[in-house]
Amino acid sequence: MRSEKNGTGTLEPPNSVEVQGVSPHGFWLLLEGREYFLDFEAYPWFKEAKVDQIFNVSLLHGHHLFWNELDVDLDVATLEEPERFPLISKAS
């Protein structure tokens, strides 16, 4: 007697973005094998966030970072080529 063929998996694919650590100055983001540092001065939306809110990030469509609880969206291009996006935030 042979076993039936395996069914489809029920787990979502692994999130390829992960916060590696938080410091008083910003946090480290590991995105598909590359590490980025997001400084709170350049990204003030995260400065008053709780640590668990910073860690709760999703990668959507392979190029869109989203922090649902903070309502923050970032395109990966802003991390890879910051010189193309000089006006990151007007928040004080």
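Remember, predicted model here, so these are calculated numbers, not experimental data.
Membership of an apolar cluster is not assigned to Leu30, as no side-chain contact below 4.5 Å to another ILVMFWY residue is traced.
For residues 20-42, the pairs satisfying ring pair (Phe, Tyr, Trp, His ring centres under 6.0 Å) are Phe27-Phe46, Trp28-Phe37, with sequence neighbours left out. Sorted by first and then second residue, the pairs that involve residues 47-70 and meet salt bridge (charged side-chain N to carboxylate O under 4.0 Å, His left out), not counting sequence neighbours, are Glu41-Lys47.
Summarising the geometry, atom NE2 belonging to His63 is positioned 12.0 Å from atom OG1 belonging to Thr78; distances are rounded to the nearest 0.5 Å. Between the CG atom of Asp75 and the CG atom of Leu60 there is a distance of 11.0 Å, given to the nearest 0.5 Å. The CD atom of Glu18 sits 10.5 Å away from atom CD of Glu35, with the distance rounded to the nearest 0.5 Å.
One hydrophobic cluster, built from ILVMFWY side chains closer than 4.5 Å, cannot hold both Phe55 and Phe66; they sit in different ones.
Residues passing the side-chain hydrogen bond (donor to acceptor under 3.5 Å, both in side chains) test with Asp73, sequence neighbours excluded: His64. Residues meeting the salt bridge (charged side-chain N to carboxylate O under 4.0 Å, His left out) test with Glu81, sequence neighbours left out: Arg84. For Glu83, the side-chain hydrogen bond (donor to acceptor under 3.5 Å, both in side chains) test picks out no residue, with sequence neighbours left out.
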Open item on the list: Let's go through Leu74 and Trp67 carefully: what are the C-alpha distance in whole Å and the side-chain angles of both, what is the deciding distance for side-chain contact (heavy atoms from CB on, under 4.5 Å) to 0.1 Å, and is it a yes or a no?
Closed with: CA-CA 9 Å; Leu74 289 176; Trp67 285 264; 3.8 Å; yes
TODO: Quick one: do Leu65 and Val72 satisfy side-chain contact (heavy atoms from CB on, under 4.5 Å)? Show the steps, please.
DONE: CA-CA 8 Å; Leu65 296 166; Val72 174; over 6 Å; no
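For Ser16 against Leu59, the heavy-atom pair with the smallest separation is OG-CD2, 3.1 Å. Between Leu79 and Tyr43, the shortest heavy-atom contact is CD2-OH, 3.6 Å. The two atoms that bring Ile54 and Val19 nearest to each other are O-CG2, 3.3 Å, heavy atoms only.
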